[in-house]
Amino acid sequence: MKLYNTLTKSVEVITPLQSPAVTLYTCGPTVYDFPHVGNWFTFIRYDVLVRALKANHLQPKWVMNITDVGHLVSDADEGEDKLEKGARREGKTAWDIAKFYGDYFIQGLNRLNILQPDFLPKATEHIDEQIRLVKTLEEKGFTYAISDGVYFDTSKFPKYAEFAGLDLDEQQAGARVEYNPEKRNATDFALWKFSPKDEKRDMEWDSPWGKGFPGWHIECSAMSMKYLGETLDIHSGGIDHIPVHHSNEIAQSEAATGKPFANYWMHANHITVNGEKISKSLGNGITLEDIEAKGSSLEAFRLHVLESHYRNQSKFSWESLDAAQNRLKNWQAAAVLRYQTASSSSGGTTFTATEIQTQLTELLGDDLNTPRALVLLSGIFGQLESTGLHSAHVAEFETLLVFIDSLLGLTLAAQADIDDDLKQLISARESARSKQDWTKSDELRDQLTSQGIGLRDTEQGAIWFRL
RNA sequence: GGCGCCUUGGCGGAGUAGUUACGCAGCGGUCUGCAAAACCGUGUACACGGGUGCAAAUCCCGUAGGUGCCUCCA
């Protein structure tokens, strides 16, 4: 299993600390609003990673956090907590917001056929762990307190800028945003924030430094260490997190333990819509509901995600989603050929499932090359559609479909046979046709169409497919 | 202002030196009772200008446009 490692900027073979177990931490959502397609792209990328690891004989132990406190509107540790802001927007408490959008997120995982992580820890349920980690950092001299919180002193972690390849001096010279002048360094970040003196927050806890709430970054370190140990194999997240969030995670974790935090870093690139990034301010945050309202399926959306490589910036458009929907329909039409092999015993496509499985596993194992995997599959399904499935290969085909579904999260094997009523309509049409009763045969065809079943007349008889 | 990345046929999207990528859509034809599907055929694609090479979409330099991070954000 090979993966591009942001740490070394090269594709590397994954060698877990305790193979075949592989520990994986993926940055999860901040649950203050509906996720948009860009967010879901990344979560599907994680899912593909997990499935690829499994296919390549590794056993992932997967943790994805739920950020339900402490993520401020600005990464510069200023501004409002997103949860509190969401609460004000909807006239609820921050706890209500976290519950509602947290539940929505988990439903979204299911709707997109994303595997459930082994752990989905919430930041608010790990306050003690976070406080303990800050204490450790304090004891080791990495922290200092100012009026609004306890901060990490990045100047005491000399390789801070290495991970993101930043030139801190240059950046500061041209920085557009001013930072809290009490901070010792621009890159210092909050470990613990104090509650405002004149305001009662929905979410706040006591700590050795005063009442407040944890900084956004510390949760990931605390929770990954709790569930996966001080050094994890793979840490994954959105590409935007390289400069701030992940640099901070590395700094605070390695400062606390003296050990490497993660051996492999996998970053999913972003997508654009109409050539622009997705952001709240642009108002182009398409949701899963928008996709369904347009008549597309979430499975087609998933296939659309797989059509591009996770390291490239890819584009989302309704046109490309339609293309994926059509491609999926063709695949589904091929999948149901296994119910229609009665007269193709002599001809039809034959193949060996294990051979194709090996190829697919290698493609996914080569830095998650999903575009190439789809090319392979389109070739196979295309051949099936043109020549039919050999009747002796139904079981082989079924095995392959189950494997494809497990690797790519599709539901091809689940494509069911049609019921007897529909089958009778088809055979009634066949006999009408043999009697050249075109009126009746067209009428029956219309009936089938209205029930979502299309037909193609071949030399071996009518083949049905779902419209 | 600093540091990056990108630019492939109608749309999406692989490909880092020499092979038709591929998908979706389109066009012409065959087949068909009519359709549909399928099949056959069909697009002088690699932003522009130089350079290196026997050979460049692929490497180097420059130009133009776009875009990302340094605010929000997967």
Chemist: Tell me what A:D457 touches on the nucleic acid: a base, only sugar-phosphate, or nothing, going by heavy atoms under 4.0 Å.
Modeler: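 Base, at least one base heavy atom under 4.0 Å.
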Chemist: Taking NZ, NE, NH1 and NH2 as the nitrogens, is one of them in A:E292 or A:R111 under 4.0 Å from a carboxylate oxygen of the other?
Modeler: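 Salt bridge present between A:E292 and A:R111.
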Chemist: Output the rounded distance in Å from CZ (A:R372) to P (B:C22).
Modeler: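 Atom CZ in A:R372 sits about 10 Å away from atom P in B:C22.
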Chemist: Does A:K92 make a cation-pi contact with A:F100, if we ask for NZ or CZ under 6.0 Å from the ring centre and within 45° of the axis?
Modeler: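 Pair A:K92/A:F100 counts as cation-pi.
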Chemist: Look at the side-chain N and O atoms of A:N312 and state whether any lies under 4.0 Å from the OP1 or OP2 oxygen of B:A14.
Modeler: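 Yes.
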Chemist: Could you tell me whether A:L376 contacts a base, only the sugar-phosphate backbone, or nothing, with contacts defined as non-hydrogen atoms closer than 4.0 Å?
Modeler: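 No contact at all - A:L376 keeps every heavy atom at 4.0 Å or more from the nucleic acid.
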Chemist: Base of B:G62 relative to its sugar, syn (within 90° of 0) or anti?
Modeler: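 B:G62: anti glycosidic orientation.
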Chemist: Quick check on A:K99: does its NZ atom have over 12 non-hydrogen neighbours (other residues, nucleotides or ligands) under 6.0 Å away?
Modeler: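 Not more than 12 within 6.0 Å, no.
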Chemist: Say we look at B:A57 and B:C46: how far apart would their C1' atoms be, to the nearest angstrom?
Modeler: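 One C1' to the other, the span is 4 Å.
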Chemist: Quick one: closest heavy-atom pair of A:R338 and A:F397, and the distance?
Modeler: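 Heavy-atom minimum between the residues: CB-CD2, 3.8 Å.
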Chemist: In whole Å, I'd like the distance from the CD atom of A:Q436 to the P atom of B:C34.
Modeler: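 Nearest whole value for this atom pair: 11 Å.
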Chemist: Quick check on B:A74: is either OP1 or OP2 less than 4.0 Å from any side-chain nitrogen or oxygen of A:K277?
Modeler: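 No, no such contact exists.
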Chemist: Looking at A:D442 and B:G33, is any side-chain donor or acceptor paired with a base atom of the opposite kind under 3.5 Å?
Modeler: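 Side chain to base: pair present.
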Chemist: Within the structure, does a side-chain N or O atom of A:S386 lie under 4.0 Å from either OP1 or OP2 of B:C39?
Modeler: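 It does, given that an N or O in the side chain of A:S386 lies less than 4.0 Å from OP1 or OP2 of B:C39.
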